[in-house]
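Notes follow the structure.
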Amino acid sequence: TEVDTEITNRSFGFKNHIINGGFDVWQRGTSFTTAGFTADRWYLADGSNGCVLTAAKQVIDSNSFKHSINMTVAPTTLTAIFLQKLENISVYSGKTMTLSFNIAQNTRVGTFQCNLFCSGGNYYNKSFNIENIAGVQSFTFTIPDLVTGVPYDANDSLIVRFLVDNTTSFAGLTFENVQLEEGSVATPFEQRPIGLELSLCQRYYEKLDGTNYASFGSGFQRNTTESVFHIKYSTRKRTDYPTLTFSGLICTERTTFDQALTGVAEQRFGYDGAQVRFTHPAVGAAGKPVLLSSASATYGYIAFDAEL
């Protein structure tokens, strides 16, 4: 059965096109000191080659599991960029959209900007100056019709980008409840169920992790130094060629050996799962059933990155 591999929040009946706008999902960790992905779907970039960046999860209300992201930037004169790329730009063609968000804390002196870019064959750039005050702010804009006949591919995106042009270092900037919706009026933030929000995030990045023989897949030994495993994704991925990373994994049959995995000899991906041939020191025998897992009392993970 052929299944469309592009999605939009509209197809699910959601009003918020931003994923993880409430900063509830943090598969990669909860504190960051270098450029890269932070909370799921959110990327923090050094716009000036030399920024000292930090980003961390903050709990606003432990009873309601409400979260935000706090960022700091130093030294002076440098720029930081905080962004999310939205899939399938054709959905936004000719639409009037409203972006809203809450600044829970802002100790920066001056102003910063919110930019929206349309990548791919059609380029659109709209900038807004944001007041350096705490509170809910919103901006309405109309995206022009995409150019007829220009080819677009699955990697094109609408980029919601917060640009901090740092005229002075600041101690804290806290965002929460980022929402992009159709229409000219900002409505209350859409709080989706956490399991649903996690599933939306896992389309772009999924991390399986744990300790004490947490199992991530099953397979067999191809020979004494290679084992083949099938890993089933929790959520269908955006692409059929994600990037694989792993650490702290073992090949085990849970009776006579736990052998640390040392590398990847071959990887074959689909939208719904992967088959990976790992290498390891000589052990066991060809055809022996084995499990892919973390070691006893040791943390391990395998992750699949399909971000835009």
Side-chain angles (χ1 to χ4, degrees), residues 3-25 37 39-43 45 69 81-103 111-131 135-163 175-193 196-197 199-205 235-239 306-308:
V3 179
D4 188 359
T5 57
E6 289 192 355
I7 65 167
T8 68
N9 287 346
R10 267 188 80 193
S11 63
F12 291 100
F14 304 146
K15 68 177 181 181
N16 190 4
H17 291 251
I18 296 289
I19 296 176
N20 202 26
F23 301 102
D24 296 316
V25 183
F37 280 98
D40 274 49
R41 305 271 28 251
W42 290 101
Y43 190 88
I69 187 169
I81 301 168
F82 187 56
L83 63 86
Q84 181 170 144
K85 295 181 178 181
L86 305 181
E87 189 177 355
N88 192 3
I89 60 175
S90 62
V91 170
Y92 305 100
S93 178
K95 294 289 179 62
T96 296
M97 309 290 295
T98 296
L99 177 70
S100 60
F101 50 91
N102 185 40
I103 301 178
T111 59
F112 56 103
Q113 292 181 313
C114 169
N115 304 98
L116 295 109
F117 293 91
C118 210
S119 65
N122 187 78
Y123 181 80
Y124 168 71
N125 178 15
K126 181 70 174 179
S127 297
F128 307 93
N129 285 326
I130 302 173
E131 300 290 337
V136 177
Q137 300 195 35
S138 66
F139 303 93
T140 297
F141 54 95
T142 299
I143 299 175
D145 291 330
L146 298 181
V147 178
T148 303
V150 173
Y152 301 97
D153 62 35
N155 292 316
D156 289 338
S157 59
L158 177 69
I159 305 173
V160 176
R161 187 178 84 151
F162 295 92
L163 172 66
F175 280 102
E176 63 184 49
N177 295 350
V178 184
Q179 180 160 282
L180 180 67
E181 59 189 309
E182 292 186 24
S184 58
V185 177
T187 64
F189 180 74
E190 179 178 52
Q191 190 68 57
R192 294 186 283 252
L196 181 56
E197 204 71 38
S199 179
L200 292 173
C201 292
Q202 287 176 330
R203 173 174 171 80
Y204 304 90
Y205 180 85
T235 302
R236 187 174 178 85
K237 295 292 169 280
R238 183 185 70 87
T239 74
E307 290 283 1
L308 286 159

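Hydrogens, waters and symmetry mates are skipped; everything else that's a heavy atom, side chains included, is used.
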Side chains of [X] and [Y]: closer than 4.5 Å at any heavy-atom pair?
X      : Y      : result
Phe14  : Leu200 : yes
Val91  : His17  : yes
Leu99  : Phe141 : yes
Cys201 : Ile19  : yes
Asp156 : Asn88  : no

Set of residues satisfying side chain to side chain donor-acceptor pair (under 3.5 Å) with respect to Glu181, sequence neighbours excluded:
Gln179, Thr187
Step by step, work out the salt bridge (charged side-chain N to carboxylate O under 4.0 Å, His left out) result for Lys15 and Glu190.
CA-CA 7 Å; Lys15 68 177 181 181; Glu190 179 178 52; over 6 Å; no
I'd like to know whether Tyr204 forms a side chain to side chain donor-acceptor pair (under 3.5 Å) with Glu87, so could you lay out the CA-CA distance, the side-chain angles of the two residues, the decisive distance to 0.1 Å, and finally the verdict.
CA-CA 10 Å; Tyr204 304 90; Glu87 189 177 355; 2.5 Å; yes
Gap separating the [atom1] atom of [X] from the [atom2] atom of [Y], nearest 0.5 angstrom:
X      : Y      : atom1 : atom2 : answer
Met97  : Leu86  : CE    : CG    : 8.0 Å
Ile103 : Phe162 : CD1   : CZ    : 8.0 Å
Ser93  : Asp145 : OG    : CG    : 4.5 Å
Tyr205 : Thr235 : OH    : OG1   : 14.0 Å

Applying ring pair (Phe, Tyr, Trp, His ring centres under 6.0 Å), run through Phe189 and Phe101 and close with a yes or a no.
CA-CA 8 Å; Phe189 180 74; Phe101 50 91; over 10 Å; no
Between [X] and [Y], a side-chain donor and acceptor under 3.5 Å:
X     : Y      : answer
Asp24 : Gln191 : yes
Thr98 : Thr140 : yes
Thr96 : Thr142 : yes

Under a 3.5 Å distance rule, please check whether Arg161 uses its side chain to pair with a backbone N or O of Leu83 as donor and acceptor.
no
Look only at the side chain of Asn102 and the backbone of Asn177, and say whether a donor-acceptor pair between them is shorter than 3.5 Å.
no
For Tyr43, check ring pair (Phe, Tyr, Trp, His ring centres under 6.0 Å) against everything at least two apart and list the hits.
Phe37
Ignoring hydrogens, what is the shortest heavy-atom contact between Ile89 and Leu158? Give both atom names and the distance.
CG2-N, 3.3 Å
Quick one: closest heavy-atom pair of Asn20 and Asp40, and the distance?
ND2-O, 3.0 Å
Determine the sole option in Arg41, Arg238, Lys85 for which the salt bridge (Lys or Arg N to Asp or Glu O under 4.0 Å) test with Glu307 is passed.
Arg41
For Glu197, the salt bridge (charged side-chain N to carboxylate O under 4.0 Å, His left out) test, sequence neighbours excluded, returns Arg192
Parallel, tilted or perpendicular: which fits the ring planes of Trp42 and Phe82, with parallel below 30° and perpendicular above 60°?
parallel
